[in-house]
Amino acid sequence: SWYNDAKKLGMQIPKGIVKNPFIENTDFSKLKFIKFLGGEPLMEQKTIKKILNQCDLSNLHIQLITNATVLPDYELKKMLEQVKCLEVKLSIDAYGKLNDFLRSGSKWEKVEENIEWFRSFVNKKFLSIHSVASIYNINKIDELVDYAKQKEIYQEYVPLDDVDWMQPKHLPLEAKKVLAERIQKQNYKFGISLIYALEQHGNKNTFIEQDFVMNKLRNENWTALNPELLELLNLDKYV
């Protein structure tokens, strides 16, 4: 979706990899570790299976980073059952519909179903939720933290380190103080990095101007999903 947005905005798109020569006819039998990430890697299951067919699965550790919108098909599932270790990190940024806004193409009801599938398929100590805190969700991290605790899944937040206009630093100073105190009070293990992100200098208009462009481009609006953010931005209403 980011590439589609960039094209509509007239931005130059990097050409990227046209053909990967290592996927075809390569001896991966001595390979010990593979990390699959994206985008969403489970949208490329044909390629993943092609790679795994060249590996010694019994000696392979796989780390899969997925947004829980897609499940492995039957054939890939059987292959994953044979690996030495399967580690899955679920890229989920918020609880409920706000996650759908942050993860284009996500449907929370389906994500919840898929979380349950991964809970039944992956060893508990190798399943976790990895979340990114941006200006859109940093005031609501407690909702996902509580959900992960309920599901007995290890979960952590890291501050957004790219896409400058979405970073929490662009909240007004008083809002950042309120949120920093809230995070400190909860004593989250990951809290220090989020507080540091809030302490950086930003500009509210940087967020508002670019958010307006993106909402219009995607025909989206977050205000009903996170009304507190309006208050934190000192806005009565926002389109």
Side-chain angles (χ1 to χ4, degrees), residues 1-7 13-132 144 147-156 158 218:
S1 61
W2 284 110
Y3 281 110
N4 291 334
D5 294 339
K7 286 179 181 178
I13 307 297
K15 193 171 184 180
I17 297 174
V18 176
K19 179 176 175 61
N20 187 339
F22 296 104
I23 292 178
E24 303 285 351
N25 302 317
T26 304
D27 181 10
F28 289 145
S29 62
K30 297 187 185 301
L31 200 61
K32 302 296 184 183
F33 177 82
I34 300 179
K35 181 176 183 177
F36 291 113
L37 67 161
E40 175 46 52
L42 290 179
M43 294 180 70
E44 300 290 342
Q45 296 192 38
K46 183 178 179 180
T47 300
I48 292 175
K49 287 183 283 189
K50 191 177 293 185
I51 294 170
L52 295 184
N53 272 325
Q54 302 170 76
C55 298
D56 178 2
L57 298 181
S58 64
N59 286 313
L60 186 63
H61 178 165
I62 291 179
Q63 186 181 91
L64 173 65
I65 316 296
T66 174
N67 60 24
T69 60
V70 185
L71 291 178
D73 63 23
Y74 178 82
E75 185 180 3
L76 180 56
K77 175 178 177 289
K78 290 300 180 182
M79 298 177 82
L80 294 175
E81 288 175 342
Q82 299 176 55
V83 302
K84 182 178 181 180
C85 178
L86 174 62
E87 180 184 356
V88 176
K89 293 189 176 185
L90 304 173
S91 297
I92 300 171
D93 293 335
Y95 176 80
K97 296 295 184 181
L98 183 58
N99 188 68
D100 298 343
F101 175 85
L102 294 169
R103 298 271 176 179
S104 184
S106 170
K107 300 296 181 186
W108 181 251
E109 294 80 5
K110 186 62 178 176
V111 168
E112 277 203 292
E113 288 181 17
N114 292 346
I115 289 173
E116 292 302 322
W117 187 91
F118 280 110
R119 287 182 71 210
S120 66
F121 184 69
V122 181
N123 187 309
K124 180 179 177 180
K125 65 180 180 180
F126 294 119
L127 179 65
S128 62
I129 295 176
H130 181 82
S131 312
V132 176
L144 188 58
Y147 176 79
K149 285 181 180 178
Q150 176 191 340
K151 297 295 182 180
E152 298 183 311
I153 304 174
Y154 175 81
Q155 189 260 353
E156 64 177 356
V158 297
R218 295 185 176 187

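Just so it is clear, the values below take in all heavy atoms, side chains as well, and ignore hydrogens, waters and symmetry mates. All residue numbers in this chain count up from 1 along the given sequence. Worth saying up front: this structure is predicted, and the values here are computed from it rather than measured.
- Contact detail for Phe36 and Ile34: the closest heavy-atom pair is CZ-CG2, 3.5 Å.
- Residues Asp100 and Ser106 have side chains that bring a donor and an acceptor to within less than 3.5 angstrom of each other.
- Remark: the backbone N or O of Ile92 is paired with a side-chain donor or acceptor of Ser131 at under 3.5 angstrom.
- To the nearest 0.5 Å, atom CD of residue Glu81 and atom CZ of residue Phe121 are 4.5 Å apart.
- Between atom NE2 of residue His130 and atom CG of residue Asp93 there is a gap of 8.5 Å, rounded to the nearest 0.5 Å.
- The line from CD of Glu152 to NZ of Lys124 is 4.0 Å long, rounded to the nearest 0.5 Å.
- Not a single donor-acceptor pair under 3.5 Å links the side chain of Asn59 to the backbone N or O of Lys32.
- Distance alone, capped at 3.5 Å, places no donor-acceptor pair between the Gln54 side chain and the Phe28 backbone.
- A salt bridge does not link Lys107 to Glu112: none of the charged side-chain nitrogens sits closer than 4.0 Å to a carboxylate oxygen.
- A salt bridge links Glu116 to Lys151: at least one charged side-chain nitrogen sits closer than 4.0 Å to a carboxylate oxygen.
- Contact check for Val111 versus Arg103: no side-chain heavy atoms found under the 4.5 Å cut-off.
- Relative ring orientation between Tyr147 and Tyr95 is described as tilted, the plane-to-plane angle lying within the 30° to 60° band.
- Taking each heavy atom of Leu31 and Cys55 in turn, the nearest pair found is CD2-SG, 4.4 Å.
- Minimum interatomic distance between Ala94 and Asn99 (heavy atoms only, all atoms of both residues): O-CB, 3.1 Å.
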Practice problem: In sequence, state the C-alpha distance, the side-chain angles, and the governing distance for Leu52 and Leu60, and then conclude on side-chain contact (heavy atoms from CB on, under 4.5 Å). | Solution: CA-CA 9 Å; Leu52 295 184; Leu60 186 63; 3.8 Å; yes
Exercise. For the pair Ile65 and Lys35, evaluate side-chain contact (heavy atoms from CB on, under 4.5 Å) and give the outcome as yes or no after the intermediate values.
Key: CA-CA 8 Å; Ile65 316 296; Lys35 181 176 183 177; 4.2 Å; yes
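- Every residue was checked against the side-chain hydrogen bond (donor to acceptor under 3.5 Å, both in side chains) condition with Glu44, not counting sequence neighbours, and none meets it.
- Taking 4.5 Å as the limit, some side-chain heavy atom of Leu144 sits within range of a side-chain heavy atom of Gln155.
- Taking CD1 of Ile62 as the reference point, atom CG of Leu57 lies at 7.0 Å (rounded to 0.5 Å).
- Residues Thr66 and Phe118 have side chains in contact (heavy-atom distance under 4.5 Å, counting atoms from C-beta outward).
- Between Arg218 and Ser104, the shortest heavy-atom contact is NH1-CB, 4.3 Å.
- The closest side-chain heavy-atom distance from Leu42 to Leu76 is below 4.5 Å.
- Side-chain contact between Val158 and Val132 is present, with at least one heavy-atom pair separated by less than 4.5 Å.
- Taking NZ of Lys46 as the start and NZ of Lys50 as the end, the distance is 5.5 Å to the nearest 0.5 Å.
- Side-chain atoms of Ile115 and Ile153, non-hydrogen and from C-beta on, do get closer than 4.5 Å to each other.
- The closest side-chain heavy-atom distance from Pro72 to Ile48 is not below 4.5 Å.
- A distance of 9.0 Å separates CD of Glu40 from CD of Gln45, quoted to the nearest 0.5 Å.
- Residues Lys78 and Glu75 are not paired through a salt bridge, judged by the lack of any N-O separation under 4.0 Å between the basic side chain and the carboxylate.
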Quiz item: Is there a salt bridge (charged side-chain N to carboxylate O under 4.0 Å, His left out) between Glu87 and Lys125 once you walk through the steps?
Solution: CA-CA 9 Å; Glu87 180 184 356; Lys125 65 180 180 180; over 6 Å; no
